[in-house]
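Below is one structure, written out as structure tokens, with a few remarks after it.
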Amino acid sequence: FPQFRRGRQGLPLRKGETILDHARRAGVEIYSECGGKGECGRCVVRVERGTEALSPPTDAERKFGLGEDLRLACQAVVVGEGDIYVYISEFGKYSILTETRRREVPLEPLVRREGDRVLYDGRPIDSYRGGIYGLAVDVGTTTLVLEIVDLETGETVGTAARKNPQVSYGNDVISRIEYTMVDKYGLRYLGPEERMERVKELQRAVVGAVNEEVRKIEGKISHLYTRWWQWGTAP
Ligand code: FES
């Protein structure tokens, strides 16, 4: 079936949706400072295959005088059949400095071991299975940084950083709030159900990215893998 490619994975195409809509669903970050209104010109992508399945360039795109094969992801709408291959230059090239100066702090985790039990704030929540780990996540406007910490020793056992996938919904918080409140033309307030669906969409973007990074850390630290595999479904 027609697909929007992300590496070897595919995503079914939906007619009437833009490339940006598809990228959001695929969890692929495309900068969209204006939140998809065709005003900022940040969402430029190169269409490598499938141009004929896209709507013609809009006035907003012409205003930016884009080169051949370049489109604004928020303006190019899927209208026809066939696979579409899109090159996103920013994708995968992002790196964030995760090493910082550290300050010694006393180790006082809320989750502790007591004999063969694990307690959360004094209440038993599980039996001890050989280790207790905590996940610290810093959800920034543009970046996500996370650390897995051994709560018994205070050691950091894994670190990851990536772009916050919500950048595809606008570069600042206001644009993202706007995405959850009005339609993309700014002409209509969304109903409560539609709003809630969009809020969940933004949440899913972050939760999905966190799970993806945790799984990568699991892959690198083999002794964590068997104990943490359920994180993907219960973040
Ligand atoms: S022009 Fe701003 S997101 Fe497309």
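One-based numbering along the sequence shown. Just the heavy atoms: all of them, side chains too, but no hydrogens, waters or symmetry mates, feed the values below. All ligand and atom numbering here is 1-based and tracks the order in the structure.
Relative to the ring axis of Y128, R117 does not place its NZ or CZ within 45° and under 6.0 Å from the centre.
In this structure, V199 and L202 have side chains that are not in contact, with every pair of non-hydrogen atoms separated by 4.5 Å or more.
With a cut-off of 2.8 Å, the protein N/O/S atoms near atom 4 (Fe) of ligand 1 add up to 2.
Salt bridge E201/R198: absent, no basic N to carboxylate O contact under 4.0 Å.
A donor-acceptor pair shorter than 3.5 Å can be found between the side chains of T58 and Q75.
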Residues 45-57 side chain polar contacts: donor-acceptor under 3.5 Å, at least two apart:
{"residue": "R46", "atom": "NH2", "partner": "E48", "partner atom": "OE2", "Å": "2.7"}
{"residue": "S55", "atom": "OG", "partner": "V77", "partner atom": "N", "Å": "3.0"}

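No path of Ile, Leu, Val, Met, Phe, Trp and Tyr side chains, each step under 4.5 Å between heavy atoms, connects L119 with I132, placing them in separate hydrophobic clusters.
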